[in-house]
Amino acid sequence: MRDIFEDLAAGEAADPREAAQRSMRPALRKRFYTEVSVAESGGGFAVLLDGKAIRTPARRPFEAPARALAEALAAEWSAQDEVIDPARMPLTRLANTVLDGVVDAAKPVMEEITKYLGSDLLFYRAEGPQGLLDLQAERWDPVLDWARTHLGARFVLSQGVMFVDQPGEAVAAASAAIPDDPWLLGGLHLMTTGSGSALLALAMLHGRITPDEAWLAADLDEEWNARTWGEDSLARERRELRRLDMQAAATMLRLTRPQQ
């Protein structure tokens, strides 16, 4: 079968959020298949379109390590109507990234997540107003408490945007919780970059917070600004695309992590 993912990627912005700023949508490929199914293949589970396997842009077999994840991926393909819209397939895009970009390069991805632990979103508190400070404390402090209690990582907070060096032992303790499994790592990386917080991603991975709580914590500043100043349609669409990406990351983490 021809490379479906390569066709889709050709018309897609590198950053999904950039797509919201385009004045015209790229031409989308018409749906060409009738049935979507999942089948065991090698050591994993393949998504099949009309019984035929698909591949990633790097021409790797598009296979998931767990049936539940493969079924979630298949559901995205089934949900496409007359055209195939990559913007509505965040989990498929993430799986594609894992297979082509993380499986053979886990260490650099782990190192990038570790860098976030040195300048995590949760460390930097607003200078005011008090309502925003209270909201940051409500949504962020429980994650910092969890990191201190369960990871042994005690971080330093700062008010404003002035950079503050974090203790090396705190960063090392938290980074020890980063998994090396490529699928967990891919989900964790997207959650980290989407939220600006490796701690939120780790807390969700380890069951301290729910996906909804992670989103509310990550979206706090944008939510406050929208309440205070209002929000235009492009800003709303960017937030929605970001939410969908984080939701896809949460799904990947939930369906691939070991049962706790």
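Given the structure is predicted, the values throughout are model-derived calculations rather than measurements. Residue numbers count from 1 along this sequence.
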Please check: side-chain N/O of [X] versus main-chain N/O of [Y], any donor-acceptor pairing under 3.5 Å?
X      : Y      : value
Arg67  : Phe45  : no
Asn96  : Thr92  : no
Thr149 : Trp146 : no
Arg208 : His150 : no
Trp183 : Val98  : no
Tyr124 : Val164 : yes
Glu76  : Ala72  : no
Arg60  : Asp100 : no
Gln166 : Ser119 : no
Gln159 : Ala126 : yes

Does one hydrophobic cluster hold both [X] and [Y], with members joined at side-chain heavy-atom distances below 4.5 Å?
X      : Y      : answer
Leu122 : Val161 : no
Val102 : Met110 : yes
Leu99  : Leu48  : no
Leu94  : Phe62  : yes
Leu144 : Val171 : yes

Specify the closest pair of heavy atoms between [X] and [Y], including all atoms of both residues, with the distance to one decimal.
X      : Y      : value
Ala214 : Leu200 : O-CD1, 4.1 Å
Ala201 : Thr192 : CB-OG1, 3.4 Å
Ser195 : Leu121 : O-CD2, 3.4 Å
Arg139 : Ala217 : O-CB, 4.1 Å
Phe123 : Leu117 : CE1-O, 3.2 Å
Val109 : Ala105 : CG2-O, 3.4 Å

If the threshold is 4.0 Å, N to carboxylate O, is there a salt bridge linking [X] and [Y]?
X      : Y      : value
Arg243 : Asp219 : no
Glu240 : Arg236 : no
Glu231 : Arg239 : yes

Rounded distance [0.5 Å steps], [atom1] in [X] versus [atom2] in [Y]:
X      : Y      : atom1 : atom2 : answer
Gln247 : Asp212 : CD    : CG    : 8.0 Å
Arg125 : Leu132 : CZ    : CG    : 10.0 Å
Ser158 : Glu127 : OG    : CD    : 8.5 Å
Ile54  : Glu63  : CD1   : CD    : 10.5 Å
Leu151 : His206 : CG    : NE2   : 6.5 Å
Glu111 : Ile178 : CD    : CD1   : 10.0 Å

Is it the case that atom CZ in Arg154 sees more than 12 heavy atoms from other parts of the structure closer than 6.0 Å?
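No, CZ of Arg154 has 12 or fewer neighbouring heavy atoms, counting only those of other groups under 6.0 Å.
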Sequence-distant partners of Glu82, side chain to side chain donor-acceptor pair (under 3.5 Å), two or more places apart:
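Listed in chain order: nothing, the list is empty.
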Does some side-chain heavy atom of [Y] sit less than 4.5 Å from a side-chain heavy atom of [X]?
X      : Y      : result
Gln80  : Met89  : yes
Met204 : Pro211 : yes
Arg55  : Pro61  : yes
Asp165 : Val156 : no
Arg88  : Leu244 : no
Ile113 : Leu185 : yes
Pro86  : Leu28  : yes
Leu49  : Val36  : yes

Would His189 and Thr193 satisfy side chain to side chain contact (heavy atoms under 4.5 Å, CB included), going step by step from the backbone distance to the final call?
CA-CA 6 Å; His189 182 267; Thr193 57; 3.7 Å; yes
With side chain to side chain contact (heavy atoms under 4.5 Å, CB included) as the criterion, how do Leu202 and Val143 come out once you've worked through the C-alpha distance, each side chain's angles and the decisive distance to 0.1 Å?
CA-CA 9 Å; Leu202 286 169; Val143 175; over 6 Å; no
From CA spacing to verdict: side chain to side chain contact (heavy atoms under 4.5 Å, CB included), Trp215, Arg242
CA-CA 9 Å; Trp215 167 248; Arg242 180 166 162 255; 3.7 Å; yes
Any chance you could lay out the side chain to side chain contact (heavy atoms under 4.5 Å, CB included) test for Leu253 and Leu184, step after step, and finish with the verdict?
CA-CA 5 Å; Leu253 293 174; Leu184 293 179; 4.2 Å; yes
Stepwise salt bridge (Lys or Arg N to Asp or Glu O under 4.0 Å) check, Arg227 with Glu223:
CA-CA 6 Å; Arg227 285 186 197 171; Glu223 176 191 334; 2.3 Å; yes
Quick one: which of Asp145, Leu220, Leu199, Leu157 gives a side-chain contact (heavy atoms from CB on, under 4.5 Å) with Trp140?
Leu220
